[in-house]
Amino acid sequence: MTIVVHHISITCGNIAECEKFYSLFGFHTQTQYKDDNVTILLMALAGSAKIELFQFATPCKISSTTNYFPNINKLGITHFALQIPELESMRKQLEEKCIKCSPILNARLGCFRYFFTADPDGNQIELVEIRPEEFESE
């Protein structure tokens, strides 16, 4: 039996802003649903897991953070990661849209580089670039 992640659910304050944000990474709206209580967008990447954006008519606000390194020792989900091919160009694209990002860091044990950013509601996202060739020569 093969098990795969189907989607990540994200409740947001402004679904249009979040749809625009996640489209920067290549997500596109696949399905949408709306009633008096909720608007739902299912966004997908080709051949990958999906994100499901929710906007409720009466939202419960969470406190967002300006710290772009999540507190990964707290209980619960702290962030999710997207693997991308070009770390510098994605970081530049985000910063050109005034989206704050952490510095790019190298993780030697995993042969990857990464940085963190946050969506319009403060949900932490790690952007990962796998580059084993850079680590083989060191």
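Every heavy atom of this structure was used, including side-chain atoms; hydrogens, water molecules and symmetry mates were not.
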Exercise: identify the closest heavy-atom pair between [X] and [Y]:
| X | Y | answer |
| --- | --- | --- |
| H79 | E126 | NE2-OE1, 3.0 Å |
| M90 | I84 | CB-CD1, 3.5 Å |
| A118 | I99 | O-CG2, 4.2 Å |
| K50 | A44 | CG-CB, 3.8 Å |
| L87 | E129 | N-OE2, 3.2 Å |

Residue pair F80, I125: steps toward the side-chain contact (heavy atoms from CB on, under 4.5 Å) verdict: CA-CA 5 Å; F80 66 93; I125 303 161; 3.8 Å; yes

side-chain contact (heavy atoms from CB on, under 4.5 Å) evaluation trace for I130 with Q83: CA-CA 7 Å; I130 307 298; Q83 183 178 331; 3.4 Å; yes

Kindly compute the distance separating [atom1] ([X]) from [atom2] ([Y]), expressed to the nearest 0.5 Å.
| X | Y | atom1 | atom2 | result |
| --- | --- | --- | --- | --- |
| E17 | C12 | CD | SG | 9.0 Å |
| L127 | L94 | CG | CG | 6.5 Å |
| L82 | I51 | CG | CD1 | 8.0 Å |
| S102 | F115 | OG | CZ | 7.0 Å |
| Q30 | L45 | CD | CG | 10.5 Å |
| D35 | I40 | CG | CD1 | 7.5 Å |

Ring geometry between Y22 and F25 (parallel below 30°, tilted from 30 to 60°, perpendicular above 60°):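 Ring orientation, 0 to 90° scale: tilted.
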
Parallel, tilted or perpendicular: ring planes of Y114 versus F112, cut at 30 and 60 degrees: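 Correct class here is tilted.
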
Result of checking Q93, E95, E88 against R91 for side-chain hydrogen bond (donor to acceptor under 3.5 Å, both in side chains): E95

Donor + acceptor pair across side chains of T39, Q32 (<3.5 Å): no

pair T29-E19: side-chain heavy atoms closer than 4.5 Å: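 The answer is yes; the side chains approach within 4.5 Å.
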
Backbone N or O of [Y] within a donor-acceptor pair of the [X] side chain at under 3.5 Å?
| X | Y | value |
| --- | --- | --- |
| D121 | G13 | yes |
| Q55 | I15 | yes |
| H7 | A49 | no |

Path from L53 to F56 over hydrophobic side-chain contacts below 4.5 Å: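 In one cluster: no.
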
Hphob cluster co-occupancy, L41 + L24, side-chain heavy atoms under 4.5 angstrom: yes

E86 vs K92, salt bridge (Lys or Arg N to Asp or Glu O under 4.0 Å): CA-CA, chis, key distance, verdict: CA-CA 10 Å; E86 298 286 333; K92 182 179 178 185; over 6 Å; no

Check against side-chain contact (heavy atoms from CB on, under 4.5 Å), D119 and I10: CA-CA 10 Å; D119 74 7; I10 304 168; 3.9 Å; yes

